[in-house]
Amino acid sequence: NAGVTQTPKFQVLKTGQSMTLQCAQDMNHNSMYWYRQDPGMGLRLIYYSASEGTTDKGEVPNGYNVSRLNKREFSLRLESAAPSQTSVYFCASRGLATNSYEQYFGPGTRLTVT
Amino acid sequence: AQSVTQLGSHVSVSEGALVLLRCNYSSSVPPYLFWYVQYPNQGLQLLLKYTSAATLVKGINGFEAEFKKSETSFHLTKPSAHMSDAAEYFCAVSARYALNFGKGTSLLVTP
C-alpha cells in the first residue's frame with residue numbers, strides 16, 4: 001500500500017498565481033485533513049473532510065479552498081498565492097473506528113511563494 | 001478546547017543518555033494522546049498513542065510514554081539515545097474531528 005500520497009513534492013509560485021495540491025489515500029479512510037507546518041508553529045489545520053461529501057474549516061482556512069473529490073482524494077487550492085502561504089503542506093487521513101483517532105500523513109509539499 | 005504544550009523547543013542529549021521530551025495537555029474530556037516523529041524532509045510518523053487502556057504506552061524504536069492524569073502530562077522517554085533519534089517530535093491531543101499539535105521539540109543527539 002502507498003498510504004497517503006501528495007503531489008507535487010516541491011513548488012515555487014509567484015505572488016498571485018494559483019495552484020492545486022493533490023492528496024490521495026488508499027486505506028479506505030473516511031476522514032482527510034490538510035495541515036500547514038511553519039517553523040516554531042507546529043502543525044495547524046487548514047481544512048478537513050470528516051467524510052466524503054463534507055468539508056469544514058480548520059484553524060487557518062483563509063486563502064484556501066478544498067475539494068473532496070471522492071473517498072480517496074482531497075485537494076487543496078490556493079486561488080491567489082501570497083508569500084505568507086510559503087510553508088510545508090501535509091495531507092493526512094484517518095479511519096472510522098471510534099478508538100482510532102490516529103492520523104496517517106503524506107510526505108508533504110514544500111511550497112515557496114515569491 | 002483540547003491543547004498540548006511541549007516544554008522546550010530544542011533538547012540536546014549525548015548518545016547513550018536518557019531522552020525525555022515533555023508534553024502537558026489540557027482537555028475537558030478524557031483525551032487520546034499521541035507522539036509523532038518527523039525526520040528531516042519527511043512526513044510525520046506515529047511513535048505511540050494513549051487511548052485510555054494502559055497508562056504506560058510502548059512505541060516504536062524503544063520509545064515509551066506515561067499518561068499521568070494528576071499531572072496532565074504525557075512525557076516521552078527513551079533509556080538510551082541513538083544518533084538516528086535526531087528528529088522533530090510532536091505531541092498531539094484528539095479534538096472533535098482532528099488532532100491538535102504542540103509546536104514540536106527538536107532533538108539533537110551528540111556523539
Side-chain angles (χ1 to χ4, degrees), chain A residues 2-7 9-10 21 23-25 27 29-51 54-61 66 68 74 88-110, chain B residues 1-11 21-27 29-54 57 59-60 65 67 74 87-106:
Chain A
V4 180
T5 58
Q6 293 183 237
T7 56
K9 286 186 166 46
F10 301 94
L21 281 63
C23 174
Q25 52 90 12
M27 296 174 282
H29 284 171
N30 287 288
S31 301
M32 297 185 74
Y33 308 83
W34 277 105
Y35 293 91
R36 60 178 288 172
Q37 182 182 26
D38 303 291
M41 301 291 288
L43 277 78
R44 293 181 291 169
L45 184 66
I46 304 171
Y47 270 92
Y48 66 96
S49 172
S51 61
T54 69
T55 61
D56 284 285
K57 296 178 180 179
E59 180 185 355
V60 289
V66 290
R68 184 73 183 267
F74 188 39
V88 182
Y89 291 86
F90 288 101
C91 178
S93 69
R94 185 195 123 185
L96 190 59
T98 55
N99 67 345
S100 177
Y101 287 85
E102 67 201 68
Q103 295 180 14
Y104 297 82
F105 284 81
T109 294
R110 283 155 182 78
Chain B
Q2 287 75 14
S3 66
V4 292
T5 302
Q6 292 184 242
L7 302 175
S9 58
H10 294 83
V11 170
L21 304 182
R22 299 177 189 272
C23 174
N24 287 90
Y25 71 89
S26 173
S27 180
V29 298
Y32 287 3
L33 294 158
F34 305 83
W35 277 100
Y36 282 85
V37 61
Q38 183 182 32
Y39 298 105
N41 299 315
Q42 294 187 27
L44 277 71
Q45 178 183 1
L46 181 67
L47 266 181
L48 50 81
K49 62 182 179 181
Y50 167 75
T51 56
S52 76
V57 181
I60 61 172
F67 174 74
F74 189 58
E88 187 94 17
Y89 292 81
F90 292 94
C91 183
V93 63
S94 54
R96 188 176 177 197
Y97 287 115
L99 297 177
N100 288 337
F101 285 85
K103 295 186 176 181
T105 297
S106 180

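Computed over heavy atoms, backbone and side chain alike; hydrogens, waters and symmetry mates excluded. Within every chain, numbering begins at 1; the chains are lettered A, B, ... in the order of the sequence lines, protein sequences first and strands thereafter.
- Using a 4.5 Å cut-off between heavy atoms, B:Asn41 touches chain A through backbone and side chain atoms alike.
- In this structure, no portion of B:Ala92 lies under 4.5 Å from any heavy atom of chain A.
- Across A:Tyr101 and B:Ser94, no two heavy atoms sit closer than the pair CD2-CB, 3.8 Å.
- The minimum heavy-atom distance linking A:Glu102 with B:Leu46 is given by the pair OE2-CD2, 3.6 Å.
- Residues B:Gln42 and A:Phe105 fail the side-chain proximity criterion, which asks for heavy atoms closer than 4.5 Å.
- Taking 4.5 Å as the limit, some side-chain heavy atom of A:Gln103 sits within range of a side-chain heavy atom of B:Tyr36.
- Scanning both residues, B:Ala98 and A:Tyr35, for their nearest heavy atoms gives CB-OH, 4.0 Å.
- In terms of heavy-atom proximity, A:Phe90 sits nearest to B:Gln38 at CZ-NE2, 3.2 Å.
- Proximity to chain B is limited to the side chain of A:Leu45, based on heavy atoms less than 4.5 angstrom apart.
- Between chain B and the residues A:Met41, A:Gln6, A:Gln37, the most heavy-atom pairs under 4.5 angstrom are made by A:Gln37.
- Residue A:Arg110 places its CZ atom among more than 12 non-hydrogen atoms of other residues, nucleotides or ligands, all under 6.0 Å distant.
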